[in-house]
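Let me begin by presenting the structure, written as structure tokens, before commenting on it.
Throughout, a chain's letter reflects where its sequence line sits, starting with A, and its residues are numbered from 1.
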Amino acid sequence: MHEMSLCQSIAELIEDAARRERFQRVRTVTLEVGRLAAVEPEALEFCFEAAMRGGRAEGARLEIVATDGRAWCLGCGREILISRPLDPCPHCGGGQVQVTGGTEMRIKALEVE
Amino acid sequence: MCTTCGCGDGHEDHPQGHAPNPLAPWSAPAPLAHGTRLISLEVDVLEKNDRYAAANRAAFASHAVQAINLMSSPGSGKTSLLVRTIEAIRGTRPVAVIEGDQETARDAERIRATGAPATQINTGKGCHLDAEAVGRAVATLAPAAGGVLFIENVGNLVCPAAFDLGEAAKVVVLSVTEGEDKPLKYPEMFRVASLLLLNKADLLPYVDFDVDFALQCARRVNPGLTAILTSAKSGAGIDEWLDWIERGRPPRIAAVR
């Protein structure tokens, strides 16, 4: 359950941005989450609300945008898109795939006032 | 409707100075309320941890310290394996240990009994070590130049995988009293590791653990994963594990303090 620490990082990054960009309140936080990131969106939403309390993003809406999981198939040597860590290659059905992207989690944008 | 921000203002577009909506290419955003603006941040959520990790990595490099992050579920025998490893390395290279647990200093005490310096981090409710806590522990511990620093993470196969500590390598320990399919159940941990230690190998005659199947599961998640069968009790695989550590030894720097 590291979603709480992730949300605390989000809260800190928002306060940093507020000092830089001079805003008072955050309405929406848009978070880009890779499909292969080891986070549970529901847990993230639950922790988000708690972690934002008392800060500029208290009560803000969390918008999660999923990004593709990317991998390299060792069987057919192609770059592939997968949505879960253990998905087989959609072309050859092989199970030997090396994840190359889609494990990241970024704050994409903030809607502020 | 405004085609730039989607506000229901009636006009075709805002006359000027209306920043293009950065959300547009990848989602259909909710209309912006008047009086609000969009700030494009593009910052990694773990950015702060990663900055501390980079500082740790630079500090390790400047002292030629080889940091190894040991991770596993609770009870896989990490601490016993470390005690055995320290006894084998001692005399050839300096060794220091950072112990991570939610509570108690018991593991650090076990390590200190071998004569190696150790610092305990208690994470309290936290389920993993982060780079900032490790940085503080390193400052207290001051590991000797040219040595090995083992960081024993909190016993947990999920969260520690996400946090870079500035280590040179992540090692995952799986004991033969656990299920062979753990790599499939906790893929992220086995994906980020560069070495798998299959521990408690002395118990293999007494348990139904299929080593080949376990390796198959691990390599399904991480095709290039190296594995060594180890036992803290019998000493099996310890030499191979020490060779692996030695191969990752950072170049000795002339000007180390």
Side-chain angles (χ1 to χ4, degrees), chain A residues 1-14 16-18 20-23 25-33 36-40 44 61 63-68 71-75 84-88 94-99 103-113, chain B residues 5 19 21-50 123 125-130 132-133 154 156-163 181 183-192 216-217 219-225:
Chain A
M1 251 301 278
H2 57 297
E3 280 82 357
M4 197 61 189
S5 356
L6 296 176
C7 286
Q8 281 160 352
S9 301
I10 294 173
E12 285 173 25
L13 291 168
I14 288 175
D16 290 350
R20 219 169 43 236
E21 306 271 349
R22 298 168 190 282
F23 57 80
R25 269 181 47 75
V26 180
R27 287 235 191 161
T28 311
V29 177
T30 305
L31 201 61
E32 204 178 66
V33 180
L36 306 179
V39 290
E40 190 52 57
L44 206 57
R61 198 168 63 85
E63 190 176 78
I64 297 177
V65 179
T67 58
D68 285 332
W72 178 258
C73 173
L74 298 180
R84 297 188 64 86
L86 298 173
D87 279 356
Q96 293 257 296
V97 303
Q98 185 85 53
V99 171
T103 59
E104 65 290 324
M105 185 158 63
R106 302 170 66 77
I107 304 181
K108 189 87 182 161
L110 300 175
E111 183 192 359
V112 302
E113 57 187 76
Chain B
C5 74
N21 183 348
L23 302 180
W26 41 269
S27 76
L32 274 186
H34 270 294
T36 71
R37 62 191 163 108
L38 265 183
I39 294 174
S40 171
L41 265 196
E42 296 287 356
V43 57
D44 198 287
V45 169
L46 288 169
E47 187 245 19
K48 193 178 146 204
N49 183 74
D50 292 347
T123 56
K125 291 190 174 60
C127 49
H128 58 268
L129 290 179
D130 62 45
E132 188 181 0
V154 178
N156 174 348
L157 275 180
V158 185
C159 313
F163 294 82
D181 56 355
L184 301 181
K185 293 174 172 171
Y186 304 94
E188 182 65 10
M189 178 59 76
F190 291 83
R191 190 182 66 73
V192 299
Q216 235 175 57
C217 292
R219 287 180 181 142
R220 171 94 197 272
V221 174
N222 183 348
L225 188 61

What is the distance from atom CG of L46(B) to atom CZ of R106(A), rounded to the nearest 0.5 Å? 11.5 Å
Roughly how far apart are R27(A) CZ and R37(B) CZ, rounded to 0.5 Å? 13.0 Å
Check whether [X] gets within reach of chain B through its side chain, its backbone, both or neither, counting any heavy atom under 4.5 Å.
X	value
V26(A)	neither
T67(A)	neither
R20(A)	side chain

Smallest separation among heavy atoms of [X] and [Y], with atom names:
X	Y	answer
L74(A)	P223(B)	CD1-CB, 3.1 Å
E113(A)	G35(B)	CB-O, 3.5 Å
L6(A)	V45(B)	O-CG1, 3.5 Å
L41(B)	A17(A)	CD2-CB, 3.9 Å

Go through the atoms of R191(B) and report whether side chain, backbone, both or neither lie under 4.5 Å from a heavy atom of chain A. side chain
Chain B: which of A37(A), G95(A), G94(A) shares the most heavy-atom pairs with it under 4.5 Å? G95(A)
Considering the options I39(B), V43(B), D44(B), which one meets the side-chain contact (heavy atoms from CB on, under 4.5 Å) requirement together with I107(A)? V43(B)
Criterion side chain to side chain contact (heavy atoms under 4.5 Å, CB included) on F23(A) and T36(B), from CA distance to verdict: CA-CA 10 Å; F23(A) 57 80; T36(B) 71; over 6 Å; no
Contacts of R220(B) that satisfy salt bridge (Lys or Arg N to Asp or Glu O under 4.0 Å) - sequence neighbours left out: none
Does E40(A) have any side chain to side chain donor-acceptor pair (under 3.5 Å) partners at least two apart in sequence or in another chain, and if so, which? none
E32(A) side chain to E42(B) main-chain N or O, any donor-acceptor pair under 3.5 Å? no
Would you mind reporting whether M4(A) and K125(B) have side-chain heavy atoms less than 4.5 Å apart? no
